[in-house]
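Here is the structure we will look at.
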Number of protein chains: 2
Amino acid sequence: MTRVSQKIQPFSQECNDCPIRHRAVCARCEADELTLLEQIKYYRSFEAGQTVVWAGDKMDFVASVVTGIATLSQTMEDGRRQMVGLLLPSDFAGRPGRETSAYDVTAATDLVMCCFRKKPFEELMIRTPHIGQRLLEMTLDELDAAREWMLLLGRKTAREKIASLICIIARRDASLQLNASDGELRFDLPLTREAMSEYLGLTLETVSRQVSALRKEGLIVTEGKRQIVIPDFDLLLEETGDDSDGGFLI
Amino acid sequence: MTRVSQKIQPFSQECNDCPIRHRAVCARCEADELTLLEQIKYYRSFEAGQTVVWAGDKMDFVASVVTGIATLSQTMEDGRRQMVGLLLPSDFAGRPGRETSAYDVTAATDLVMCCFRKKPFEELMIRTPHIGQRLLEMTLDELDAAREWMLLLGRKTAREKIASLICIIARRDASLQLNASDGELRFDLPLTREAMSEYLGLTLETVSRQVSALRKEGLIVTEGKRQIVIPDFDLLLEETGDDSDGGFLI
DNA sequence: CATCAGGTTTGATCTGCATCAAGGTGTTTC
DNA sequence: GAAACACCTTGATGCAGATCAAACCTGATG
C-alpha cells in the first residue's frame with residue numbers, strides 16, 4: 001500500500017452540487033436544506049481561459065465547482081500575477097458577507113459551476129447553522145492548504161515546487177477518481193505551463209525546464225500533451241522537500 | 001487624513017480575552033457566554049524565543065494572544081523555515097477539531113496567551129452558534145491575509161517584501177494603539193531580522209541590507225533597536241508594489 | 001571593567017532563476 | 001495544405017538574492 005492510497009479521503013461524487021463539500025458522510029444533507037438550496041441555485045458554464053469574475057467586480061453569488069478547474073489569482077499593477085487558490089470539483093468559491101470578489105476567478109479548463117445567489121444563501125446559513133459549521137471546516141482546510149502553499153512559495157526550489165505541484169494534483173485527482181492503483185499513478189495535468197508558473201511563483205520557462213528534467217530522470221512520464229504518469233509516487237515525493245510522513249493533506 | 005487612518009478598524013481592547021476578536025461591537029459578548037468562557041480559561045506566559053508547542057505535538061487548547069507576538073512556522077527536514085502566521089494581540093490560535101498542532105508556535109516577544117481547554121470550548125461552540133460564526137469570519141480574514149502573503153512570497157522583490165511587512169505591522173499596530181497621528185507614524189518593530197526573514201522568505205542578510213537601503217533613502221527612520229518611524233506612510237506604501245487603493249486590510 | 005553572547009551590519013563571491021530570443025509541435029481555420 | 005495560432009521547449013546571458021565570512025553593536029554577567 002503506497003502513501004497515496006493511505007492518504008486519500010474519498011468523498012461522494014453525488015454531492016458536487018452541494019455548496020459545502022462533504023468529506024465522508026452525505027446523509028447530513030437533510031432534505032429540506034437541499035430543497036431550499038434547489039430554489040436558489042443555477043448553473044453557469046465557462047470555456048477554458050474565460051474569466052468568471054474580475055477582482056473588484058461585484059459578485060452576488062457563491063458557487064461550487066461541478067466539473068473542471070477554476071483558479072483564484074491576484075494581479076499587481078505591473079502585471080505580475082500570483083495564483084492564490086486552485087478550485088477542483090466540489091471546491092467552494094465566494095465569501096459570504098462580501099460584496100465584491102477579492103480575486104480574479106478564471107476557468108483553467110472548461111468549467112461548470114453551481115451558483116447560489118448570495119443573499120438567500122446567507123439567509124439559509126443563518127437558519128441552518130450546520131452549513132456554517134461545514135463552511136468553517138472547509139475554510140480551515142483551505143487555510144491549512146494556503147499555509148502549505150506559503151512554505152512552497154517562500155522556501156522551495158523550482159524543482160521542489162514542480163514535484164510538489166504534481167504530487168498535489170495527483171493526490172486530489174486520485175481522491176476524486178478513486179483510480180489509485182498501487183505504485184503507478186496516471187492522471188491529467190490540466191494546467192498550462194503558464195498556469196503552473198502562476199501557481200508556483202516561477203516563470204513558465206523555468207516550469208518547462210524542470211518538468212523536462214523530471215521527465216529525463218524518469219521520475220515522471222508524459223504521454224501526449226497533458227497526461228502524466230508517475231511510475232513511483234514515493235520517489236517523486238522525495239523531490240518535494242516535504243516531510244516524508246505526516247505531510248499535507250490538501 | 002492619510003490612508004492609514006482610513007483603513008483602521010479599531011476594536012475594543014477589553015475583549016482581548018475573548019477567544020473571538022471583535023472588530024467593532026462588543027455588546028455581542030453575551031453575559032452567559034462570557035461566564036462559560038471564564039470557567040474554562042487560564043493564562044500562560046512565555047519568554048521571547050520560547051516555543052509554545054511544536055508541530056505535531058498534542059495541543060489540547062485553543063488560545064488568543066493577550067500581549068506580545070506569537071508566530072506559526074513550518075520547518076522542512078533540512079531546517080529551512082517559513083513563517084505562516086503572525087499572531088498579534090487578540091488573534092486566535094488553534095483549530096477546533098484537531099488534536100495536534102500543525103505548526104511550531106513560538107513566542108516572538110514576551111507573550112501572554114489566554115487559553116481555553118479545547119474540549120469544553122468545542123462544546124461551547126455547539127451551544128452558542130455565534131461563536132462559530134465569528135470564528136468563521138476570522139478564519140476567512142486569515143485566509144485573505146494568507147493569500148495576500150502568498151502574493152508577497154511568490155512575486156515581490158526583497159525591497160517590496162520589506163516595505164510590505166513594515167506597512168502591515170504599522171497598520172496592525174496603529175489599529176491596536178490608535179496612535180495614528182497623520183503623516184508620521186511611530187511604532188515598535190518587535191521582530192528580529194531572523195523572524196522577518198522567516199516571514200518574508202528571505203535570508204536575514206538580505207533583510208538587513210534592504211532595511212538599511214530604506215533607511216538611507218529616508219523612507220523609514222530607525223530609533224534605537226526596534227523603534228521605527230515612518231515619516232510618510234503613503235511614500236512607503238508605493239514601495240510595496242501593492243495597488244495603491246483597495247489593497248489589503250489585515 | 002573585561003568578557004561574552006545575541007543580534008546586526010557589511011563585504012565578496014556564487015548561483016538559481018529570470019529574462020530575452022528563437023524555434024518546435026499540434027490544432028484550428030479557410 | 002498552408003497559414004495562423006496557442007502552447008511548449010531549449011539556448012544564451014544577466015542579475016537579485018543566497019552564501020560565506022568577518023566585524024560591529026549593545027546590553028548582560030562575572
Side-chain angles (χ1 to χ4, degrees), chain A residues 47-50 76 78-82 106-110 152-166 188-217 220 222-228 239 241, chain B residues 47-50 76 78-82 106-110 152-166 188-217 220 222-228 239 241:
Chain A
E47 282 171 30
Q50 263 191 297
M76 294 173 67
D78 59 5
R80 281 175 280 174
R81 275 172 73 86
Q82 175 63 50
T106 312
T109 63
D110 289 345
L152 177 147
L153 290 171
R155 294 301 181 193
K156 289 189 179 178
T157 65
R159 181 189 174 88
E160 288 168 340
K161 286 178 174 181
I162 298 288
S164 300
L165 176 55
I166 294 176
D188 239 45
L189 207 177
L191 298 176
T192 64
R193 297 287 181 257
E194 187 178 24
M196 291 173 70
S197 74
E198 281 178 17
Y199 185 110
L200 299 170
L202 299 169
T203 60
L204 90 179
E205 293 96 327
T206 300
V207 170
S208 180
R209 274 185 250 273
Q210 297 295 339
V211 171
S212 297
L214 292 179
R215 177 160 22 83
K216 275 168 196 156
E217 294 171 35
I220 60 173
T222 54
E223 294 189 350
K225 200 75 165 193
R226 297 279 173 81
Q227 185 97 187
I228 285 200
E239 300 298 324
Chain B
E47 283 171 31
Q50 263 191 295
M76 294 172 66
D78 60 5
R80 281 175 280 175
R81 276 172 74 85
Q82 175 63 51
T106 312
T109 63
D110 289 345
L152 177 148
L153 290 171
R155 295 301 180 192
K156 289 190 179 178
T157 65
R159 182 188 175 86
E160 288 168 340
K161 286 178 175 182
I162 299 288
S164 299
L165 175 56
I166 294 176
D188 240 46
L189 207 178
L191 298 176
T192 64
R193 296 287 180 255
E194 187 178 24
M196 292 173 70
S197 74
E198 281 178 18
Y199 185 110
L200 299 170
L202 298 169
T203 59
L204 89 181
E205 292 96 328
T206 299
V207 169
S208 179
R209 275 184 249 273
Q210 296 295 339
V211 170
S212 298
L214 292 179
R215 176 160 21 84
K216 275 168 196 156
E217 294 170 36
I220 59 173
T222 53
E223 295 189 348
K225 200 74 166 196
R226 297 277 173 82
Q227 185 98 185
I228 284 200
E239 300 298 325

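Below, chain A is the first sequence line, B the second, and so on; all start at residue 1.
- Contact check for A/R209 versus A/I162: no side-chain heavy atoms found under the 4.5 Å cut-off.
- Between B/L189 atom CG and C/dG7 atom P the separation is 15 Å, expressed in whole Å.
- Using a 4.0 Å heavy-atom criterion, one finds that B/G201 contacts the sugar-phosphate atoms exclusively.
- With respect to B/R159, the side-chain contact (heavy atoms from CB on, under 4.5 Å) criterion is satisfied by exactly one of B/T206, B/V211, B/L214: B/L214.
- Atom NZ of A/K161 and atom P of C/dG16 are 14 Å apart (whole Å).
- At least one side-chain heavy atom of A/M76 sits less than 4.5 Å from a side-chain heavy atom of B/K156.
- Atoms CD (A/E198) and C1' (D/dC7) sit 14 Å apart, rounded to a whole Å.
- Proximity of A/T106 to A/Q50: side-chain heavy atoms (C-beta onward) are nowhere separated by under 4.5 Å.
- Atom-to-atom, CD of A/E194 to P of D/dC7 comes out at 8 Å; the value is rounded to the nearest Å.
- Here D/dT19 presents its C1' atom at 14 Å from CZ of B/R80, a figure rounded to the nearest Å.
- Between A/R80 and B/E160, some side-chain heavy-atom pair lies under the 4.5 Å cut-off.
- In this entry the distance linking CG of B/D78 with C1' of D/dT19 reads 15 Å, nearest Å.
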Using atom names, set out every protein N or O paired with an N or O of nucleotides 10-12 of chain C below 3.5 Å, distance rounded to 0.1 Å.
{"unit_1": "C/dT10", "atom_1": "OP2", "unit_2": "B/S212", "atom_2": "OG", "d": "3.0"}
{"unit_1": "C/dG11", "atom_1": "N7", "unit_2": "B/R209", "atom_2": "NH1", "d": "2.9"}
{"unit_1": "C/dG11", "atom_1": "O6", "unit_2": "B/R209", "atom_2": "NH2", "d": "3.2"}
{"unit_1": "C/dA12", "atom_1": "N6", "unit_2": "B/R209", "atom_2": "NH2", "d": "3.4"}

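- Spacing between atom CG of A/L152 and atom P of C/dC17 amounts to 12 Å, rounded to whole angstrom units.
- Taking atom CG on A/L202 and atom C1' on C/dT19, their separation rounds to 14 Å, with Å as the unit.
- Defined by atom type and a distance below 3.5 Å, a donor-acceptor pair is present between the side-chain atoms of B/R215 and B/T222.
- Distances from the side chain of B/T192 to the nucleotides C/dC17, C/dT8, D/dG17 place C/dT8 closest.
- Put simply, the side chain of A/Q82 reaches to within 4.5 Å of the side chain of A/L153, judged on heavy atoms.
- In this structure, A/T203 reaches the bases: a heavy-atom distance under 4.0 Å links it to at least one base atom across the strands shown.
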